[in-house]
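Have a look at the structure below before the remarks.
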Amino acid sequence: MLRPAAPLSSLALLALAASSAACGQGPLGAYLDVAFERSGDPTYAVTLASAVVIDADKAPAWMGLDRAGISAVAAPAVDAALEVCRVETGVASDVAVLRLMDPGPAYLGGPAGEQALTATAPAFGEGTGYTARFESGEIDYQPGGGYQLRTDGMEAPPFSVNLIAPAEFSMETLGFVTPGPGTAVLPSTTDLDLTWAPASTDPEDELFVVLSAAESRVVCRAKDDGAFTIKAKYLEELPLGAATLMIERSRLVKLDVGTSSAGKIPARGRIALRHRFAAELQ
């Protein structure tokens, strides 16, 4: 049976990044991430992560948060092919090229009001990001609810992005295990079948699955149709032992949030519901 991997909580992060070689003059892009997380509890907590990513010529947008080392929740492979998994190992070797551009004070608003984020230094690279951890009652999940991330502007221009929360879902099976108290034992030599309900009827919704073990993880992007299988060939590349399984329903949006000296600032927005479970890979 499954045990919550961590108590319910809420994390918010905002940052802007550009190529350090360009000294802030290269192309900018915003990455906006809001996630409501639950760990075996009926209550969700919110997680927000947002960053202007590195020059598009150097890496895809989704790598911005990971390479800056400023997010407690790794950004999923939003550029990966649908219905495909991949294995990621270790830390990116070129994190030093990142420079975070300070967007100024940042705020997350929802149906119950607005909360401020806190300036945070990145683990890699240089510059300023914004992160905050919200408890239940501060920023809560509401199906179909509207949420807004806005900044006042500083090194980067001010911007505001609106996101609509997706519908709720529940996990039904994790391989041979029914979600519940305890730790899931996941065989690494057989396919891992995942089922959830209800499936989404919104074409903008997708499902992301991340199985992490030590410094490695399997990342999958799937159709939100109620079932997905991680092939054993991916599981066999992970180290055995303690692991964390994250399944989330994500709604992705693309838009421009302003202009800089290098041109328009494109944004990738993501609002998600996330289930997190403790597991053991055998």
Side-chain angles (χ1 to χ4, degrees), residues 9-35 46-76 78 91-110 113-134 138-139 147-163 252-271:
S9 61
S10 164
L11 173 71
L13 172 64
L14 168 67
L16 297 178
S19 166
S20 60
C23 298
Q25 299 302 308
L28 301 180
Y31 190 94
L32 318 170
D33 191 22
V34 179
V46 65
T47 299
L48 167 74
S50 175
V52 170
V53 298
I54 57 179
D55 190 319
D57 292 335
K58 294 186 177 296
W62 66 269
M63 288 186 177
L65 293 175
D66 279 356
R67 294 193 177 192
I70 53 177
S71 179
V73 280
V78 297
V91 179
S93 60
D94 56 353
V95 293
V97 305
L98 289 179
R99 179 173 183 270
L100 308 185
M101 306 297 291
D102 192 342
Y107 309 88
L108 175 64
E114 186 177 74
Q115 299 287 337
L117 283 65
T118 303
T120 305
F124 303 103
E126 59 183 6
T128 301
Y130 285 82
T131 181
R133 194 170 189 87
F134 301 116
E138 295 178 320
I139 300 288
Y147 297 84
Q148 181 188 64
L149 173 67
R150 69 176 182 87
T151 69
D152 288 345
M154 192 173 291
E155 288 183 292
F159 61 83
S160 177
V161 174
N162 296 316
L163 299 168
L252 307 175
V253 296
K254 296 180 181 180
L255 70 164
D256 294 330
V257 294
T259 59
S260 69
S261 59
K264 292 182 179 180
I265 302 176
R268 294 245 180 157
R270 180 176 68 122
I271 186 164

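Fair warning: this is a prediction, and the values are worked out from it, not measured in the lab. Just so it is clear, the values below take in all heavy atoms, side chains as well, and ignore hydrogens, waters and symmetry mates.
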Would you please name every residue forming a side chain to side chain donor-acceptor pair (under 3.5 Å) with Ser160, sequence neighbours left out?
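Listed in chain order: Gln148.
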
Which atom names give the shortest non-hydrogen contact between Pro105 and Met154, and what distance separates them?
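Taking every non-hydrogen atom into account, CD-CE, 4.2 Å.
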
Least distance between heavy atoms, Thr151 atom then Ala106 atom:
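That closest heavy-atom pairing would be CG2-CB, 4.1 Å.
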
Using the side-chain contact (heavy atoms from CB on, under 4.5 Å) criterion, which residues pair with Ala119? Sequence neighbours excluded.
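side-chain contact (heavy atoms from CB on, under 4.5 Å) list for Ala119, sorted by chain: Thr128, Tyr130.
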
Quick one: CG on Leu117 to OH on Tyr107, what's the gap to the nearest 0.5 Å?
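One gets 9.5 Å once the value is rounded to the nearest 0.5 Å.
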
Nearest 0.5 angstrom please: Leu252 CG to Ile271 CD1, how far?
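The CG atom of Leu252 sits 11.0 Å away from the CD1 atom of Ile271.
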
Taking the side chain as every heavy atom from C-beta outward, state whether Val34 and Leu108 have any pair of such atoms under 4.5 Å apart.
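Of all side-chain heavy-atom pairs linking Leu108 with Val34, at least one is under 4.5 Å.
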
